[in-house]
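In the text below, chain A, chain B and the rest are named by the order of the sequence lines, each starting its count at 1.
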Number of protein chains: 2
Amino acid sequence: MKKRDVYKRQAKVLKALASESRLMIIDRLGRGECSAGELTALVGSDQSTVSKHLAVLRAHDIVEDRREGTTVYYRLLTPCVLDFFSCAARVIKERS
Amino acid sequence: MKKRDVYKRQAKVLKALASESRLMIIDRLGRGECSAGELTALVGSDQSTVSKHLAVLRAHDIVEDRREGTTVYYRLLTPCVLDFFSCAARVIKERS
DNA sequence: ACTATATATGGCAGTATGGCCATGTTGGCA
DNA sequence: TGCCAACATGGCCATACTGCCATATATAGT
């Protein structure tokens with residue numbers, strides 16, 4: 001693959017994560033599966049807003065969902081996204 | 001600091017990186033200092049566009065600049081941002 | 001002071017993003 | 001079938017981003 005395309009794909013992943021709300025969701029899912037409802041309460045935005053954030057994460061194969069009755073449970077599909085937290089923490093620490 | 005603020009700061013860092021052009025710049029700077037002109041040629045966008053990307057990276061203390069005559073040289077101020085590349089690569093690999 | 005080179009900035013247009021409200025869909029249960 | 005609960009989706013608005021062009025700034029050389 002061309003190097004340019006690699007940058008493009010990496011930028012897409014970063015964009016999918018670059019949101020305060022989505023980081024909250026990912027951090028929570030890093031501690032285990034969780035329903036959309038709980039995530040909505042956690043983030044504190046409108047239910048539709050959180051659902052859209054979840055759609056973004058799904059579209060990027062960062063999370064996957066599982067329906068059980070009327071409840072939809074989400075979990076991390078690529079747990080290594082959690083590594084970004086330590087990276088970001090290092091950056092924030094290093095520059096301050 | 002409140003957890004919420006941590007997410008906000010991390011999201012800002014990720015946003016600063018979440019751009020194909022800025023990833024190209026960072027990757028290049030990871031291999032050593034480089035002038036704004038060279039970076040412009042590398043990215044291939046208008047000179048003003050690249051200059052603005054550099055301003056974003058400066059504003060987030062990801063790069064710093066050094067003037068020598070009329071030429072401005074950039075270098076990574078927080079080299080650990082390079083870790084994001086391996087993180088992103090892992091994510092892309094893990095989900096495919 | 002004048003000119004050329006290297007970079008930065010202001011302004012604009014098109015597009016994307018994030019939030020909300022309203023509505024649609026799906027599943028469980030009477 | 002009817003209804004409620006849990007999510008998802010469409011539409012809309014305000015704001016932010018990205019690219020370009022034009023212009024401003026800074027430094028060197030004449």
Heavy-atom side-chain contact between A:T49 and A:H53 under 4.5 Å: yes
Validation row: B:T78, B:D61 side chains within 4.5 angstrom (heavy atoms):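 Side chain of B:T78 against side chain of B:D61, heavy atoms only: no contact under 4.5 Å found.
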Nearest of [options] to any side-chain atom of [X]?
{"X": "A:T49", "options": "C:dG19, C:dT26, D:dC20", "result": "C:dG19"}
{"X": "A:T71", "options": "D:dA6, D:dC20, C:dT7", "result": "D:dA6"}
{"X": "A:S21", "options": "C:dT7, D:dG19, C:dG19", "result": "C:dG19"}
{"X": "B:A36", "options": "C:dT7, C:dG10, C:dT26", "result": "C:dT7"}
{"X": "B:T70", "options": "C:dA6, C:dG27, C:dT9", "result": "C:dA6"}
{"X": "A:R58", "options": "C:dT9, C:dG27, D:dT9", "result": "D:dT9"}

Once you round it to whole Å, what is the distance between [atom2] of [N] and [atom1] of [X]?
{"X": "B:K12", "N": "D:dA16", "atom1": "NZ", "atom2": "C1'", "result": "13 Å"}
{"X": "B:L39", "N": "C:dT7", "atom1": "CG", "atom2": "P", "result": "9 Å"}
{"X": "A:M24", "N": "C:dG19", "atom1": "CE", "atom2": "P", "result": "11 Å"}
{"X": "A:R67", "N": "D:dC7", "atom1": "CZ", "atom2": "C1'", "result": "7 Å"}
{"X": "B:R66", "N": "C:dT7", "atom1": "CZ", "atom2": "P", "result": "12 Å"}
{"X": "B:L23", "N": "D:dC17", "atom1": "CG", "atom2": "P", "result": "16 Å"}
{"X": "A:E20", "N": "D:dA16", "atom1": "CD", "atom2": "C1'", "result": "16 Å"}
{"X": "A:L54", "N": "D:dT9", "atom1": "CG", "atom2": "C1'", "result": "13 Å"}

Please confirm whether any donor atom in the side chain of [X] sits under 3.5 Å from an acceptor in the base of [N], or the reverse.
{"X": "A:K15", "N": "C:dG18", "result": "no"}
{"X": "B:Q47", "N": "C:dA6", "result": "no"}
{"X": "B:S48", "N": "D:dC21", "result": "yes"}

Distance test, side-chain N/O of B:H53 to OP1/OP2 of D:dG19, below 4.0 Å: yes
B:R22 side-chain N/O to D:dT18 phosphate OP1/OP2 under 4.0 Å: yes
Note: B:E64-B:R66 ion pair, threshold 4.0 Å (strictly below):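 Looking at B:E64 and B:R66, the cut-off is not met.
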Presence of salt bridge, A:E20 and B:R4, under 4.0 angstrom: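 Between A:E20 and B:R4 there is a salt bridge, with a charged N closer than 4.0 Å to a carboxylate O.
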Which part of the nucleic acid does [X] contact within heavy-atom distance under 4.0 Å: base, sugar-phosphate only, or nothing?
{"X": "B:S51", "answer": "base"}
{"X": "A:S45", "answer": "sugar-phosphate"}
{"X": "A:Y74", "answer": "sugar-phosphate"}

Toward the 5' end of DNA chain C, by each residue's nearest nucleotide, A:S19 or A:G69: A:S19
Nearest-0.5 Å distance, OG of residue B:S51 to CG of residue B:L39: 10.5 Å
Residue pair B:Y73, B:D65: steps toward the side-chain hydrogen bond (donor to acceptor under 3.5 Å, both in side chains) verdict: CA-CA 5 Å; B:Y73 292 96; B:D65 57 337; over 6 Å; no
